[in-house]
Amino acid sequence: MNSKDVVRSLAAIAHESRLEAYRLLVQAGPGGLHAGRLAELLQLPPSSLTFHLKELVHAGLLTSRQEGRFVFYSAEYGAMSSLLAYLTENCCGGNPCLPARSDICSGMDEVQ
C-alpha cells in the first residue's frame, strides 16, 4: 500500500459515522449488510448513509453489490490488512510488541 492510498483510507474513516459503519461491516463478516440495515443500526437517514458508504467504497475499504432491490456493503479485508501492515511496519524498532503494557513496545526505555 502506498502513502496516497493510506491517506485516502484514513481520511475516509476519519468521520464518526463512517468509522461506525466500517466497524459494523468488519464485524458482519464477508457477507456484509444491506444499506437499510446499516441505516437502522446507525440511526442515520439513508441519504446520509449512502454518502458515507460511497466515501468508504471510493477509498477501497468497502465493496458493494446489488442483490435484488438491496445494495449490500462488505468490508474489504485485504485493504484493511494492508492499511494495518503499513501503519505497523517496523513497529517498536523491531522489538516484540507488548500490547498489555502502557509503553507498548519492549525496549521503549532504550529509545527514549
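With hydrophobic clusters built from ILVMFWY side chains whose heavy atoms lie under 4.5 angstrom apart, Leu44 does not share a cluster with Phe51. Hydrophobic clustering of Ile, Leu, Val, Met, Phe, Trp and Tyr side chains at less than 4.5 Å, counting indirect connections, keeps Phe72 apart from Leu41. Put simply, Val7 and Tyr22 are part of two different groups of oily side chains (I, L, V, M, F, W, Y) that touch within less than 4.5 Å, one to the next. Grouping the Ile, Leu, Val, Met, Phe, Trp and Tyr side chains by contacts below 4.5 angstrom, directly or via other members, places Leu49 with Val71. In the hydrophobic cluster analysis, where Ile, Leu, Val, Met, Phe, Trp and Tyr join through side-chain heavy atoms closer than 4.5 angstrom, Val57 is grouped together with Ile13.
Within the 3.5 Å criterion, the main-chain N or O of Arg18 finds no donor-acceptor partner in the side chain of Glu16.
In terms of heavy atoms, Leu61 sits closest to Ser9 at CD1-O, 3.7 Å. Considering every non-hydrogen atom in both Gly60 and Ala79, the closest pair reads O-CB, 3.3 Å. Of all non-hydrogen atoms in Asp5 and Arg8, the two that sit nearest each other are OD1-NH2, 2.7 Å. The two atoms that bring Pro30 and Ser74 nearest to each other are O-OG, 3.1 Å, heavy atoms only. The minimum heavy-atom distance between Val26 and Tyr77, with the atom names listed, is O-OH, 2.8 Å. Of all heavy-atom pairs between Ala21 and Leu53, the closest is CB-CD2, 4.3 Å.
Note that OG of Ser48 is 13.0 Å distant from CD of Gln43, once rounded to the nearest 0.5 Å. Between the OG atom in Ser17 and the CG atom in Leu56 there is a gap of 10.5 Å [rounded to 0.5 Å]. Here the CZ atom belonging to Arg37 is positioned 10.0 Å from the CG atom belonging to Leu42, to the nearest 0.5 angstrom. In this structure, CG on Leu62 lies 12.5 Å from NE2 on His52, to the nearest 0.5 angstrom.
Between His34 and Phe70, the ring-plane angle classifies as tilted under the 30° and 60° cut-offs.
Under a cut-off of 6.0 angstrom, the local environment of CZ in Arg23 is sparse, with at most 12 non-hydrogen atoms contributed by other residues, nucleotides or ligands. With a 6.0 Å radius and a threshold of 12 heavy atoms from other residues, nucleotides or ligands, His15 has its NE2 atom above the threshold. Around atom CD of Gln66, more than 12 heavy atoms belonging to other residues, nucleotides or ligands sit under 6.0 Å away.
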Next item on the list: Would you please test Leu83 and Leu10 for side-chain contact (heavy atoms from CB on, under 4.5 Å) and show each step?
Entry: CA-CA 9 Å; Leu83 177 60; Leu10 292 174; 4.3 Å; yes

